[in-house]
Novice: 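Before I ask anything, let me first share the structure, which is written out below as structure tokens.
As a basis for the values below, the full set of heavy atoms in this structure was taken, side chains included, without hydrogen atoms, waters or symmetry mates. We count ligands from 1, going down the list as the structure has it; atoms in each ligand are counted the same way.
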Amino acid sequence: MKPIVLGTHNPHKIDEISHLLLECSFEIKTLKDFPELTPVEENHNTLEENAEKKAKFYAKKTGLLTLADDTGLEVLSLNGEPGVFSARYAGENCSYEENNKKLIEKLSGKKGRDREARFRSIIACHNPETGRTQMVEGSIAGQILETIQGNHGFGYDPIFYIPKLGKTLAELTLEEKNKISHRAIALMKIKEILKNYV
Ligand code: IMP
């Protein structure tokens with residue numbers, strides 16, 4: 001089986017992506033297989049640039065086909081905040097709980113459409129043999145709740161409510177989230193690209 005590297009240190013992303021790639025004929029490697037590789041600084045202004053930077057960096061270091069994801073939560077009434085700053089919305093090294101609390105506070109008093117948001121995932125695939133990067137996008141629309149709900153998933157999942165399901169992403173199992181999420185939609189598209197490598 002051909003190896004593929006998942007260029008992330010986030011265990012939740014590793015679980016989601018590995019599950020979605022289960023039926024693909026790849027030997028999945030994570031950064032645990034390359035302990036010498038430290039996290040890449042995500043210092044660009046767009047998800048696309050950060051995803052490409054991570055995929056290229058880990059592909060060059062490992063010499064293997066690499067996938068990297070960069071995801072942001074975009075709230076329409078906050079002009080797309082927290083967006084590319086989603087990981088550190090409440091400050092450097094902040095927790096998921098602190099980010100959720102900050103967003104809930106920012107939206108305090110807002111109702112209806114002013115609470116609409118979307119998750120946007122960019123997945124970059126870099127092939128170190130050809131030097132080519134391919135990128136895909138997946139998104140999902142929802143609303144930001146005033147309190148957390150559910151204890152699955154990670155990040156902003158407990159405040160991201162999907163009206164048609166009547167649940168937050170944190171109330172879904174891994175399998176359920178992987179049928180509809182921003183990351184799953186992007187992964188479906190990447191799987192089409194990966195068919196050329198198998
Ligand atoms: P990253 O830069 O792609 O690692 O993601 C930035 C931040 O977005 C993470 O620290 C999480 O807070 C959040 N995030 C990314 N993906 C998800 C998801 O699938 N659900 C909830 N939050 C997420």
Novice: If you measure from each heavy atom of Phe119 to ligand 1, is any distance below 4.0 Å?
Specialist: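 The answer is yes, since Phe119 has a heavy atom less than 4.0 Å from ligand 1.
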
Novice: Show which atoms of ligand 1 fall inside a sub-4.0 Å distance from at least one heavy-atom site of Ser86.
Specialist: 6 (C), 7 (C), 8 (O)

Novice: Side-chain contact, heavy-atom cut-off 4.5 Å: Ile148 with Thr168?
Specialist: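 Contact flag for Ile148/Thr168 side chains = no.
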
Novice: Among protein heavy atoms, which lies nearest atom 22 (N) of ligand 1, and at what distance?
Specialist: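 Nearest protein contact, heavy atoms only, for atom 22 (N) of ligand 1 is Tyr156 N, 3.1 Å.
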
Novice: Can an N or O of His182 be found at a distance shorter than 3.5 Å from an N or O of ligand 1?
Specialist: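 There is such a contact, yes.
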
Novice: Which atoms of ligand 1 have any heavy atom of Ala87 under 4.0 Å away?
Specialist: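 Near Ala87, meaning under 4.0 Å from one of its heavy atoms, ligand 1 has 6 (C), 7 (C), 10 (O).
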
Novice: Can you tell me the protein heavy atom closest to atom 14 (N) of ligand 1 and the distance?
Specialist: Phe154 CE1, 3.8 Å

Novice: Are Tyr96 and Tyr156 near enough that their ring centres are under 6.0 Å apart?
Specialist: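 So the answer is no for these two rings.
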
Novice: Mark up the atoms of ligand 1 that fall under 4.0 Å of a heavy atom belonging to Lys13, in ascending order.
Specialist: 1 (P), 3 (O), 4 (O)

Novice: Just say parallel, tilted or perpendicular for the rings of His12 and Phe154, cut-offs at 30° and 60°.
Specialist: parallel

Novice: Using a 4.0 Å cut-off to any heavy atom of Lys177, which atoms of ligand 1 qualify?
Specialist: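 Near Lys177, the atoms of ligand 1 are 18 (C), 19 (O), 20 (N).
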
Novice: Short N/O distance, under 3.5 Å, between Asp157 and ligand 1?
Specialist: yes

Novice: Between His12 and ligand 1, which part of the residue brings a heavy atom under 4.0 Å of the ligand: side chain, backbone, both or neither?
Specialist: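 The answer is neither.
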
Novice: Does NZ or CZ of Lys102 lie under 6.0 Å from the centre of the six-membered ring of Tyr89, at an angle within 45° of the ring axis?
Specialist: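 The answer is yes, since Lys102 meets both limits relative to Tyr89.
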
Novice: Side-chain donor-acceptor pair under 3.5 Å between Asn178 and His19, yes or no?
Specialist: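 Asn178 vs His19: donor-acceptor pair found between side chains.
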
Novice: Flag Asn10 as yes when one of its N or O atoms lies below 3.5 Å from any N or O atom of ligand 1, and as no otherwise.
Specialist: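 In this structure, Asn10 places no N or O atom under 3.5 Å from an N or O of ligand 1.
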
Novice: Without hydrogens or angle criteria, can the side chains of Ser108 and Glu105 be said to hold a donor-acceptor pair below 3.5 Å?
Specialist: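 Per modelled atom types, Ser108 and Glu105 side chains form no pair under 3.5 Å.
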
Novice: Test salt bridge (charged side-chain N to carboxylate O under 4.0 Å, His left out) on Lys111 and Glu146; report intermediate values, then the result.
Specialist: CA-CA 10 Å; Lys111 299 275 171 222; Glu146 290 172 22; 3.3 Å; yes

Novice: State whether Glu192 and Lys189 are salt-bridged, where the test is any N-O pair (Lys NZ or Arg NE/NH1/NH2 against Asp/Glu carboxylate O) under 4.0 Å.
Specialist: no

Novice: If I apply the N/O under 3.5 Å rule, does Lys54 come out as touching ligand 1?
Specialist: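 So ligand 1 has no N or O lying under 3.5 Å from an N or O of Lys54.
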
Novice: Side chain to side chain donor-acceptor pair (under 3.5 Å) with Asp69: which of His182, Arg183, Lys54?
Specialist: Arg183

Novice: Applying a strict 4.0 Å limit to heavy atoms, is Leu169 in contact with ligand 1?
Specialist: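 Flag not set, Leu169 not near ligand 1.
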
Novice: What about Tyr96: any of its N or O atoms under 3.5 Å from an N or O on ligand 1?
Specialist: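 So ligand 1 has no N or O lying under 3.5 Å from an N or O of Tyr96.
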
Novice: Could you find the nearest protein heavy atom to atom 16 (N) of ligand 1 and give me its residue, atom name and distance?
Specialist: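 So the nearest neighbour among protein heavy atoms is Arg183 NH2, 2.7 Å.
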
Novice: Could a heavy atom of Asp69 be found less than 4.0 Å from some atom of ligand 1?
Specialist: yes

Novice: For atom 5 (O) of ligand 1, what's the nearest protein heavy atom and its distance?
Specialist: Thr71 O, 3.4 Å

Novice: Is there a donor-acceptor pair closer than 3.5 Å between any side-chain N or O of Arg120 and the backbone N or O of Thr71?
Specialist: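 It does not hold such a pair.
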
Novice: Are Glu27 and Lys2 close enough that some pair of their side-chain heavy atoms sits under 4.5 Å apart?
Specialist: no

